[in-house]
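Read the structure below first, then the notes.
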Amino acid sequence: MSAAQAASASLRPSATTRLKEAAFFFTDNNNSASARLCIGRRGAERTFAGLQIAASNLYRCKICRVKSGEADGYPTTEEDTVVDEETLQSNLDKAIQEEDYARAAKIRDDLRILHEDTEASVLAANARFYNAFKKGDLTAMYSIWAKGDHVYVVHPGAGRISGYDVVLQSWEMVCNADYEFPLNIDLKNIEVHVRGDLAYVTCLELVKSKGRTWGKQIATNVFEKVDGTWYICVHHASHIEE
């Protein structure tokens, strides 16, 4: 095994990031107690390291900028100013190939934090969908679906319904049906997977209304990111035997 391969195999995300010499003060107008931090970089004439502060509802984020120099011992490069996953992965491969293992470990940390933040954003979008479903909230349902002919829904026991307008008409039927809202929706076995601007969540739905149970459904929800916001574009739910 070459030195580069050995280093690649041994790289693992560390529990901390190199921001020891910076102090950050922030507030969140919505919910300061639940704000979280994730690392990002922005580049202009100078290179900055940024902290993205995402509230629990994940609708807004703020950027606090501080100078990033060589205080951590790692010279900044033009590649480091970009935060998208594809570029970071390319830079990681390049650093390993060049046997710059210290920089590779640093990029690996940034990738880990980016993945964690992205998965949290997708799970928040999934929660918004089920909150609208649970409450029978049509206004919210209209706002969380992607717009276009590519979106579709498969309700349990029904066929595929395609197109934004028709999909939302189907949700109007659900929300206007003779159910007592809010429904009781319990989600089990939730898994999230992200690939660029597409993501999907799989889960087991346990839906109940007063005096009635809908049984168990296996659901797959697909999301796409548009202008920085995750929208649901596919909901497919199928009954399973008890």
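How far CH2 of W171 is from NE2 of H155: 5.0 Å, rounded to the nearest 0.5 Å. Summarising the geometry, atom OG1 belonging to T118 is positioned 11.0 Å from atom CG belonging to L123; distances are rounded to the nearest 0.5 Å. Atom NE2 of H193 is separated from atom CG of L198 by 14.0 Å, given to the nearest 0.5 angstrom. Within the model, atoms NE2 of H235 and CZ of F223 stand 10.0 Å from one another, a figure rounded to the nearest 0.5 Å. Rounding to the nearest 0.5 Å gives a distance of 12.5 Å between CD1 of I107 and CG of L114. Between atom CD1 of residue I96 and atom OH of residue Y101 there is a gap of 8.0 Å, rounded to the nearest 0.5 Å.
Each salt bridge (charged side-chain N to carboxylate O under 4.0 Å, His left out) pair with one or both residues in residues 189-199, not counting sequence neighbours, appears once here: D197-K225.
V234 belongs to a hydrophobic cluster whose other members, connected by ILVMFWY side-chain contacts under 4.5 Å either directly or through intermediates, are Y152, V154, Y200, V222.
Partner V153 forms a side chain to side chain contact (heavy atoms under 4.5 Å, CB included) with one of V167, L168, V166, N221 and no other, that one being V167.
Summarising the local packing, CG of N176 is surrounded by more than 12 heavy atoms from other residues, nucleotides or ligands at distances under 6.0 Å.
For R212, there are no side chain to side chain donor-acceptor pair (under 3.5 Å) partners at least two apart in sequence or on another chain. Residues forming a side chain to side chain donor-acceptor pair (under 3.5 Å) with S90 (at least two apart in sequence, or on another chain): none.
Under the 4.5 Å side-chain heavy-atom criterion for grouping Ile, Leu, Val, Met, Phe, Trp and Tyr, I185 is connected to F181 within one hydrophobic cluster. If you chain together hydrophobic residues whose side chains sit under 4.5 Å apart, L92 and L88 fall into the same group.
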Distance-only check: which donor-acceptor pairs under 3.5 Å involve side-chain atoms of residues 135-145, not counting sequence neighbours?
residue	atom	partner	partner atom	Å
D137	OD1	T139	N	3.2
D137	OD1	A140	N	3.1
Y142	OH	E172	OE2	2.4
S143	OG	A140	O	2.7

Donor-acceptor contacts, no H, no angles, side chain residues 201-211, under 3.5 Å, sequence neighbours left out:
residue	atom	partner	partner atom	Å
E205	OE2	Y130	OH	2.6

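Scanning both residues, L183 and W214, for their nearest heavy atoms gives CD1-CH2, 3.9 Å. Shown here for V122 and A199, the closest heavy-atom pair between the two residues is CG2-CB, 3.7 Å.
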Run R103 and N91 through side chain to side chain contact (heavy atoms under 4.5 Å, CB included) and show every step you take. CA-CA 9 Å; R103 179 166 172 259; N91 291 343; 4.1 Å; yes
Show your reasoning for whether side chain to side chain contact (heavy atoms under 4.5 Å, CB included) applies to E224 and H150. CA-CA 11 Å; E224 62 177 335; H150 64 292; 2.6 Å; yes
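The aromatic ring centres of F129 and W230 sit 6.0 Å or more apart.
Under the 3.5 Å distance criterion, the side-chain polar atoms of N131 are matched with a main-chain donor or acceptor of A127.
In this structure, a donor-acceptor pair under 3.5 Å is present between the side chains of Q89 and D93.
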